[in-house]
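As a basis for the values below, the full set of heavy atoms in this structure was taken, side chains included, without hydrogen atoms, waters or symmetry mates.
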Amino acid sequence: MDNTHKFCVAPMMDWTDRYCRSFHRLLSSNARLYTEMVTTGAVIKGDRQRLMRFNKGEHPVALQLGGCDPDDLARSAEIGARFGYDEINLNCGCPSDRVIDGRFGACLMRKPDLVAECVMMMTKATDLPVTVKNRIGLDNTEEYSFLRNFVETVADAGCETFIIHARKAWLNGLSPKENREIPPLRYEVVYRLKQDFPHLNIVINGGIKTIAECQEHLKYVDGVMLGREPYENPWMLSEVDEHLFGGEAFNMDRAALLRSFIPYVERELAAGVPLAHITKHILGLFRGQAGGRAYRRVISERAFRAGGGIEVIEEALAAVEQASTLEEAA
C-alpha cells in the first residue's frame, strides 16, 4: 500500500495555516498536512509570500487550490511547485456560499469534464501529484453512479488520488457547518469506490476521531483524513507515527512538546507575527487534562494583549503544573 496519504490533516479555512502546521508537525513526522484553501485569484494576483510561504519543517505539505478555470489552476499549480509544496490538491468538496458564487468547490462535481480538464492542465504544468478532494454526492443525488462517473472521468485525466468526504453536500439550505454534520456519513460508499477502482489511491474523510477508527478504515481504503479532531485535540497526533506507521512511541509529554515549540514562536514574534495568530492553534493541547481550563484561559485572555510574548505560554504552563500539583495532593 502507498503510505503517502495514510494519515492526513484536512485543509480547514482559518485553521490550518503555517503556524498550525508547524505545531502539528512536532507531533507527527508522517502526517500529511494541507494548507487552507487558496483561490487561484489570490495565488495569481495576491500577496504570495503571505499566502503561500511555509516552514521547510512542515514537509510533507500539500497546497489546496480553489478555482474552476483550467489555465488559472495550471498557473497556480506551477507557482505552488516553485514554492516547494509536495502536492497540489483541487477543492471539489467545499459547500460554502463563497465557493458556490465562484463556481468552484463542491458544485464542480456536476462538471466532471471540466474538472478533468483542470487536472490535465495542472499535471502538465507541474511534476507534482495533483489530487482531488470531493464529496460522495450533491443535493438530491443519491446514485452511486454519479460519484463513480466523476471519479472515473477525472482519473482518466491523470488524477490518481481522491480524498472523499463520506457525506454528500447540500448546496442550498445548509450552512458549511451543517454540511459537516447533517448529511449522514456513508463510509460504505467510499469503500465501494476503492473496490471498483483498486488502482486509485482512495482516502476517506468525515467524522473520524480516534486512531482505532483510522485503523478500521484502513482495512478498506488507502488513507484517512481528519480535520476537527486533531485541531481541537492535537495530542492525538502524537499516536500517529507509532500506531499507523510503525514508528517509535512519542517521547515527550505535553509540557515538553510545548516548550519545544517556543523557539519557533520566538522567531515568528521577531518577524512581527502577533502572538494570538500562533497560540490559537495550541488551545486544545491540554484538553481533558488537569489544568486544561486554566491553560486555555491564560492564553485566551493574554495572547491578544499588545506586546504579548513567550511569557504568556510560560504562564499557561505554570497554571497546568499548579493544577496538577493540587490534584496529586488532593
Does the side chain of [Y] come within less than 4.5 Å of [X]'s, by heavy atoms?
X	Y	result
Arg254	Val320	no
Leu283	Arg296	yes
Val130	Cys159	no
Arg82	Arg48	yes
Leu218	Leu244	yes
Asp17	His281	yes
Trp15	Glu232	yes
Pro129	Thr161	no

| task | Tell me, with the steps shown, if Leu138 and Lys168 meet side chain to side chain contact (heavy atoms under 4.5 Å, CB included). | result | CA-CA 5 Å; Leu138 295 178; Lys168 66 180 179 179; over 6 Å; no
| request: Answer yes or no on whether Lys6 is positioned over the face of Phe245, meaning its NZ or CZ is under 6.0 Å from the six-membered ring centre and within 45° of the axis. | output: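 Yes, Lys6 sits over the ring of Phe245.
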| query | Is the cationic atom of Arg192 (NZ for Lys, CZ for Arg) positioned less than 6.0 Å from the six-membered ring centroid of Tyr144 and within 45 degrees of its normal? | reply |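 Arg192 over Tyr144 ring: yes.
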| message | Looking at every heavy atom in both Leu90 and Gly67, which two are closest together, and how far apart are they? | response |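 Smallest heavy-atom distance, with atoms named: CD1-O, 3.9 Å.
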| task | Return the minimal non-hydrogen interatomic distance between Arg259 and Glu321, and the atom names on each side. | result |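 Here Arg259 and Glu321 meet closest at NH2-OE2, 3.2 Å.
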| task | Determine whether the side chains of His277 and Glu268 contain a donor N or O and an acceptor N or O closer than 3.5 Å. | result |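 The answer is no; no qualifying pair exists.
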| task | Check the side chains of His5 and Asp222 for a donor-acceptor pair under 3.5 angstrom, ignoring hydrogens and angles. | result |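 Judged by distance alone, the side chains do not pair up.
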| said: For the backbone of His165 and the side chain of Arg135, can you confirm whether one donor and one acceptor N or O come within less than 3.5 Å of each other? | reply: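 Absent.
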| task | For Glu213 and Lys209, indicate whether the former's side chain and the latter's backbone hold a donor-acceptor pair under 3.5 Å. | result |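 Yes: the side chain of Glu213 pairs with the backbone of Lys209.
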| query | Step by step, would you call Tyr187 with Val221 a side chain to side chain contact (heavy atoms under 4.5 Å, CB included)? | reply | CA-CA 10 Å; Tyr187 295 132; Val221 293; over 6 Å; no
Would a single hydrophobic cluster contain both [Y] and [X], if residues Ile, Leu, Val, Met, Phe, Trp and Tyr are joined by side-chain heavy-atom contacts under 4.5 Å?
X	Y	answer
Ile163	Ile208	no
Met52	Met37	yes
Met121	Leu73	no
Phe23	Ile310	yes

| request: Please say which of Phe54, Tyr34, Tyr85 ends up in a side chain to side chain contact (heavy atoms under 4.5 Å, CB included) with Leu63. | output: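 Exactly one pass, corresponding to Tyr85.
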| side chain to side chain donor-acceptor pair (under 3.5 Å) with Asn30: which of Asn3, Thr4, Asp241? |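 Of Asn3, Thr4, Asp241, side chain to side chain donor-acceptor pair (under 3.5 Å) with Asn30 is met by Asp241 alone.
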| said: Can you confirm whether more than 12 heavy atoms, excluding those of Glu160, are under 6.0 Å from its CD atom? | reply: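 Counting neighbours around CD of Glu160, 12 or fewer heavy atoms of other residues, nucleotides or ligands fall under 6.0 Å, so no.
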| request: Decide if atom CG of Asp47 counts as having more than 12 heavy atoms of other residues, nucleotides or ligands within a radius under 6.0 Å. | output: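 Result for CG/Asp47: enclosed.
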| query | Ion pair present between Glu229 and Arg287, side-chain N to carboxylate O less than 4.0 angstrom? | reply |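 Yes, Glu229 and Arg287 are salt-bridged.
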